[in-house]
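Here the structure is laid out as structure tokens; the discussion comes afterwards.
Any value given below was found using the heavy atoms of this structure, including those in side chains, with hydrogens, waters and symmetry copies removed. Below, chain A is the first sequence line, B the second, and so on; all start at residue 1. A quick note: this is a predicted structure, and the numbers were derived from the prediction, not measured.
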Amino acid sequence: MRWTQTFIPTLKETPAEAEIASHQLLLRAGLVRKVSGGLYTFLPLGVRVLRKIERIVREEMDRAGALEVSMPCLQPPELWQQSGRYTTAAEVLYHVFDRAKKEWVLSPTAEEVITHLAAGELGSYRQLPKNFYQIGIKFRDEIRPRFGLMRAREFLMKDAYSFDVSDAAAQVSYEKMYRAYARIFARCGLRTFPVEADTGVIGGSLSHEFMVPAETGENEVVYCETGTYAANIEKATSRGPRLPTPQQSTGPAPEKFSTPGVVTIEALAAAPYSVPAHHQIKTLVYLLDSQPTLVLLRGDDQLNEAKLLARTGAARARPATPEECKATLGAHPGSLGAVRATLRRPVRVLADLALRGAAGMATGANEDGFHLRHVDLARDVVVDQWADLRTVQAGELDVATGQPLKIRRAIEVGHVFKLGTKYSEKLNACFLDETGQRQPAVMGCYGIGITRTLQAIIEQQHDRDGILWPLTTAPYAVCLTPLNVAPDSAPMRLAEQLYAELTARGVEVLLDDRDERPGVKFKDADLVGFPLRVNLGEKALARGEIELKPRGGTLTPVKIEAAREAILEWLRAESARLEATVPPA
RNA sequence: CGGAGCGUAGCUCAGCCGGGUAGAGCGCCAGCUUUGGGAGCUGGGUGUCGCAGGUUCGAAUCCUGUCGCUCCGACCA
């Protein structure tokens, strides 16, 4: 391709709308343009990168035995009602209406449709296992689209769904996908690491996310530096808080004391009360599927809402309003407690495991302006359910190794789930086993955000001057840069010759035939980030040389006669270097 | 959904406080010069000042509403 024949609208200045580097570079390098918040048009270079990623994904899905299908974006709401997600995933569903005012939903994912297919087609154990995948547009009514393609209303996703005869067989399918994902991201030149993940609204029992470490990521990952443990903070556990929970009773019964105006853990920890945060019981009021519930944590701990949902099986949880707290417990937030004697009526109580055996604690008295001390949990509180509900903090010890845990931010680019039979039961995707018994298929589902992966590559691999595309995902591998584009000039004649020869060998070459000053061409090539730039200037040509300039590498002069082979050799070496990072299939 | 900020030329932004003919740089078009890291000079078109009302002799500027964009939050009692 010639630069003047394609469309690469680079920007010298950073668009005001873009906050993070990858979003700025997407726009500046001319890969995308915004249509509206969370909606983008992909320009020729952007489309080329998307196709590169898609191709790698297809090759690895096919290699893993998955079968490509294509499902509609427009889906009947009845299927979503059948799975229950019409309600539980209501926030992300877009609804549209046809001329007869019939409702449809725009697919945010396709468990329902694929399970519907399986229900009709997979009747025998002889047909299993099967794994179907597609690459297509997904729609999600995001609360707040942001960071360009990172969180968009509409995005390109690879989604796959496996059906197996048993949990053990489903585990095999899961592991195949897990390995395929590791290969896909490595082939894309992206450094990722898998972490244990919460299953959330999708449901299921086992789940890993593939994360790209990045300060701009929206996820927090808890990990042990030994490399043996990494988990999304929504899922992560540890050996518990660093400060031990007091276990010594300090009095025969709870004692009320006056705390006017004290409504925070910090205020009670300060003078004159001086009750350390880890000697306090934090009492949160939540509505779990509309049922008021007290959630008890140590004063210095933070509730993990994902855990709350996972441990209780509730579909929805929200904190009670101050008015609801008052109605339930007779006091406002800041003075709440679960001590049996202060409750006007029974309320369900959940307590975090860090409070096991807690004694000599302080908590709210359910009376504004008063707290209780000498509270022994076992003696004074009726706990209906104990569970791990707290958010792990950096520095706590890893359960397995005992090493201190660290926390870092990351971008989620892929997610694999072991689903079990949640969808197959609801949508009746059953098969007959060897004995003629009807059984629900055991499912897994597997997603990769293609457009997010594209941006994550940029976020991970850029410098001050622009993008550094890995060879495998670059829009063009080589940018030929003649510094004189007059048709009969020596630089242009040689450029044309190399262009023809390289193209004939299957190399993706962009010929910068613009009549621009060298500085402009160099800046643009760096901005877009072609892996290899080949400079063809009259000065070097006079010495019988051209120059290879790998993006992010050093300028190397090469004799004209050896130019073509040197370029091909550089591409081979670079390709091999990337290939070495890819785990075996 | 709550909070904050911003909407002026294709892009980055000034002008708004204190109302009085719409501005700069970059880009774009033409010409000359220049040619190894976003050149210089000359000339040129650049616009519903987001939209709708209101106040005023007069509104980009003041007021009201509305739409859009960006960021933060939407558990921490």
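Across all strands shown, A:N484 has no heavy atoms under 4.0 Å from either base or sugar-phosphate atoms. Across all strands shown, A:I265 has heavy atoms under 4.0 Å from sugar-phosphate atoms exclusively, and none from any base. Within 4.0 Å (heavy atoms only), A:D524 reaches at least one base atom of the nucleic acid. Counting any heavy atom pair closer than 4.0 Å across all strands shown, A:R533 reaches a base atom. Base engagement by A:V520 is indicated by at least one non-hydrogen atom pair under 4.0 Å involving a base atom. Using a 4.0 Å heavy-atom distance criterion, A:P15 is classed as a sugar-phosphate-only contact. A:T14 comes within 4.0 angstrom of sugar-phosphate atoms only, judged by non-hydrogen atoms across all strands, and of no base. At a threshold of 4.0 angstrom between heavy atoms, the contacts of A:V285 include nucleobase atoms, whether or not backbone atoms are also involved.
For A:L483, counting side-chain heavy atoms from C-beta on, the closest listed nucleotide (B:C75, B:G36, B:U12) is B:G36. Across B:A39, B:C75, B:G36, the shortest atom-to-atom separation from the side chain of A:E305 is found for B:C75. You'll find that the side chain of A:T10 is closest to B:G38, out of B:U12, B:G37, B:G38. Picking from B:A77, B:G36, B:G38 the nucleotide with the shortest atom distance to the side chain of A:T264 gives B:A77. Nearest nucleotide to the side chain of A:F522, out of B:G38, B:G36, B:C75: B:G36. Listed nucleotides: B:G37, B:G36, B:A77. Nearest to the side chain of A:L284: B:A77.
Between the CZ atom of A:R543 and the P atom of B:G36 there is a distance of 13 Å, given to the nearest Å. Between A:E142 atom CD and B:A74 atom C1' the separation is 15 Å, expressed in whole Å.
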List the protein contact pattern of nucleotides 23-34 of chain B with one symbol per nucleotide (5' to 3'): B for base contact, S for sugar-phosphate-only contact, - for none; contact means a heavy-atom distance under 4.0 Å.
-> --BSS------B

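With sequence neighbours excluded, no residue forms a side-chain contact (heavy atoms from CB on, under 4.5 Å) with A:T87. Contacts of A:P241 classified as side-chain contact (heavy atoms from CB on, under 4.5 Å), with partners at least two apart in sequence or in another chain: A:R298, A:D301, A:A354, A:R390. Residues satisfying the side-chain contact (heavy atoms from CB on, under 4.5 Å) criterion with A:P260, sequence neighbours excluded, are A:S258, A:Y273. For A:E13, the side-chain contact (heavy atoms from CB on, under 4.5 Å) test picks out no residue, with sequence neighbours left out.
Shown here, B:C1 forms a base pair with B:G73; the pair counts as Watson-Crick or G-U wobble because both key distances fall under 3.5 Å. If you check B:C51 for Watson-Crick or wobble pairing at under 3.5 angstrom, you find it paired to B:G65. Using the Watson-Crick or G-U wobble rule with both distances under 3.5 Å, B:C16 pairs with nothing in any strand shown. In this structure, B:G43 and B:C29 make a Watson-Crick or G-U wobble pair, each of the two defining distances being under 3.5 angstrom. The base-pairing partner of B:U35, taking Watson-Crick or G-U wobble contacts with both distances under 3.5 Å, does not exist among the strands shown. With a 3.5 Å ceiling on both atom-pair distances, B:G58 lacks any Watson-Crick or G-U wobble partner.
Taking the six-membered ring for Trp and thresholds of 30 and 60 degrees, A:H371 and A:F257 have ring planes inclined between 30 and 60 degrees apart. Between A:Y86 and A:H95, the ring-plane angle classifies as perpendicular under the 30° and 60° cut-offs.
Taking 4.0 Å as the cut-off between side-chain N and carboxylate O, A:R533 and A:D526 count as a salt-bridged pair.
A:R356 forms a cation-pi arrangement with A:W386, by the criterion of a distance under 6.0 Å to the ring centre and an angle within 45° of the ring axis.
Comparing the same atom, P, in B:G18 and in B:G40 gives a spacing of 40 Å after rounding to whole Å. If you take atom C1' in B:C71 and the same atom in B:A24, they sit 28 Å apart, rounded to whole Å. Nucleotides B:A74 and B:U12 place their C1' atoms 33 Å apart, quoted to the nearest Å. Rounded to a whole angstrom, the distance from the P atom of B:G20 to that of B:G10 is 24 Å. Comparing B:C17 with B:U64, their P atoms sit 15 Å apart, to the nearest whole Å. Of the C1' atoms belonging to B:G50 and B:A59, the separation is 16 Å, rounded to the nearest Å. For the P atoms, the distance linking B:G15 with B:C28 amounts to 27 Å, nearest Å. Here the separation of B:U56 from B:C62, taken at their C1' atoms, is 10 Å to the nearest Å.
Tested against A:T363 for a side chain to side chain contact (heavy atoms under 4.5 Å, CB included), the candidates A:L336, A:L296, A:T283 yield a single pass: A:T283.
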List the steps and the verdict of side-chain hydrogen bond (donor to acceptor under 3.5 Å, both in side chains) for A:E196 and A:N232.
-> CA-CA 6 Å; A:E196 295 175 21; A:N232 191 307; over 6 Å; no

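With a 4.5 Å cut-off on side-chain heavy atoms, A:P108 and A:R140 count as touching. Proximity of A:D463 to A:L468: side-chain heavy atoms (C-beta onward) are separated by under 4.5 Å at one or more points.
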Dump every N/O contact between nucleotides 70-72 of chain B and the protein below 3.5 Å, one line per pair.
| unit_1 | atom_1 | unit_2 | atom_2 | d |
| --- | --- | --- | --- | --- |
| B:C72 | OP2 | A:R144 | NH1 | 3.3 |
| B:C72 | OP2 | A:R144 | NH2 | 2.7 |
| B:C72 | OP2 | A:R146 | NH1 | 3.1 |
| B:C72 | N4 | A:R144 | NE | 3.4 |

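Projected onto RNA chain B by closest heavy-atom contact, A:L297 and A:L541 fall at different nucleotides, the more 5' of which corresponds to A:L541. The residue among A:R28 and A:K282 whose nearest nucleotide of RNA chain B is located toward the 5' end is A:R28.
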